[in-house]
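Throughout, residue positions are numbered sequentially from 1 according to the sequence presented. For ligands, and for the atoms within them, numbers begin at 1 and follow the listed sequence. What you see is a predicted model; the values in this text were computed from it and never measured.
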Amino acid sequence: MTQEWQAGRLDSDLEGAAFDTLAVRAGQRRSPEGEHSEAIFPTSSYVFRTAADAAARFAGEVPGNVYSRYTNPTVRAFEERIAAMEGAEQAVATSSGMSAIMAIVMSLCSGGDHVLVSRSVFGSTISLFEKYLKRFGVEVDYVPLSDLDAWSAAFKPNTKLLFVESPSNPLAELVDIAALAEIAHAHNALLAVDNCFCTPALQQPLKLGADIVMHSATKYIDGQGRSMGGVVAGRAEQMKEVVGFLRTAGPTLSPFNAWIFLKGLETLRIRMQAHCASAQFLAEWLEQQPGVERVYYAGLQSHPQHELAKRQQSAFGAVVSFEVKGGKEAAWRFIDATRVISITTNLGDTKTTIAHPATTSHGRLSPQERANAGIADNLIRVAVGLEDLADLQNDLARGLAAL
Ligand SMILES: *Cc1c(COP(=O)(O)O)cnc(C)c1O
C-alpha cells in the first residue's frame, strides 16, 4: 500500500465534493502507516534516495519535499484544504496574518507601484504599509471601503493592487466585492480581500471576482485562540510569486500550527453557524436596550448595507459593535462589569471577547483619525463565542446595568 495509491484515491474521490466534505477531507495525505487523522511532520529537511534524486528535487524536476521553509506535508495539506474551500487554484500558508499581507505585497508589487487600501483595515495592516512598505517606495492611498466612486477616482497609472477587508472591523462596513473587482480589472489592477471576519464558510471572494484572498488563520480558522498563522490563496500565476517570496524570506507556517488549522477547518462551518446565530440574537437584543445608542451588525435591518451583506455573505459574522449612552467612562464601566466574557482584543475564539477599540486597537490614532474611522469613545466591540447564549446575554446585561 503506497502513499501514492492512498493519496490518489482520496483526491479522485473528492471530485465535485461539497464545501463540508472538502473542509473535512481535502488535502489529506496518508503515510504508509495508514493514520486516519492527518499526521504532523515536524522535520526541517528530507532525505533523498541518491545524489541525483537530491539534484532533481532541488531543481524542481521531480516532485517531493526539499526543506520545510517551503515544502512540508502538513503545511501542504492545510494549503490544499483551504484552496479547495476558497475555490482557489493554489494557497500558500504563512506564519501569521500579517506575514500573509506582507507576502502579497512583496511578491506582487515593486518600489514605484501604487497600492489602494481600504481605510478601515486592521491597525497593523496600516502600520505595515505606512512604516515599512512606503520606505521601500510603495505608494499607498486609503479609500473609504464602501464608496465605489471613490475607488474609481483613486487610481493612478501605476496602481497595481487593491487591498480591502470586508466586512470591516469593528464597524462591519462592507464593499461590493464583485463591483470592486470589475473596477480593479478595468484598471489592470489586482483585488486582494482580507476574508478573516467571514472565513470561506460565509464568503468566498474569489468566486465574486477577487484575485487574491487572505486570512489571519489565528482567528476563526484556528477557532480556539491557540496559534498564529495565515494563508494567501488565488491563481497559480500569482501564488507562484508568493511561494517564491516565502521560500526566500522565510515567514513560513510551522507544521504543528498547520495541523491545528487543519483540525479547525473541519469544524469551521458549524462553528461559524453557531457564532453567527448567537451574534444575531445579541445584536437584535442590544438594539432594543435603552442604554445602547447604536448597534453595528450587518445582520440588522438597520444596517445600511444589510441587502449587500445578504447577497455577498451566507451569514453576517460574529463581531457586534455598539455605542452605549455616555462616553469612555460608561464604556469602561460596561466592560468591567462583565464576569464571563474576556476583556481582550482577540476574536474568532470559542470564548467571547469584549474590547474598547478607542483605547486599544485604535488607541494609537489621533482623536481626529479616530473620528474619521468612526471609532467613538463610547464604542464597545464584542466578538461572540460559543458559550451558552443566555449566559452571554446575562453578562452583557451586567454591563448595561453598570452604565
Ligand atoms: C488579526 C488580523 C490580521 C493579522 O493577523 P495575525 O495573525 O494577528 O498576524 C489581519 N487582518 C485581520 C482582519 C485580522 O483580524
May I have every N or O pair linking ligand 1 to the protein at under 3.5 Å, one per line with atom names and distance?
from, atom 1, to, atom 2, distance (Å)
ligand 1, 5 (O), Ser216, OG, 3.0
ligand 1, 7 (O), Gly97, N, 2.9
ligand 1, 7 (O), Ser216, OG, 2.8
ligand 1, 7 (O), Thr218, OG1, 2.6
ligand 1, 9 (O), Gly97, N, 3.1
ligand 1, 9 (O), Met98, N, 2.9
ligand 1, 11 (N), Asp194, OD2, 2.6
ligand 1, 15 (O), Lys219, NZ, 2.6

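Every side-chain contact (heavy atoms from CB on, under 4.5 Å) that Ala83 has, sequence neighbours left out, goes to Ala88, Ala91. Partners of Lys156 under the side-chain contact (heavy atoms from CB on, under 4.5 Å) rule, at least two apart in sequence or in another chain, are His114, Glu139, Asp141, Asn158, Thr159.
For the residue pair Ser146 and Glu173, a side-chain donor N or O sits within less than 3.5 Å of a side-chain acceptor on the partner. Side-chain contact annotation: Asp211 with Gln238, donor-acceptor N/O pair under 3.5 Å absent.
Applying the salt bridge (charged side-chain N to carboxylate O under 4.0 Å, His left out) test to every pair with at least one member in residues 262-285, sequence neighbours left out, gives these pairs: Asp20-Arg269, Glu38-Lys263, Arg81-Glu266, Lys263-Glu266.
Ring pair Trp332/His356 is perpendicular by interplanar angle, where above 60° counts as perpendicular and below 30° as parallel.
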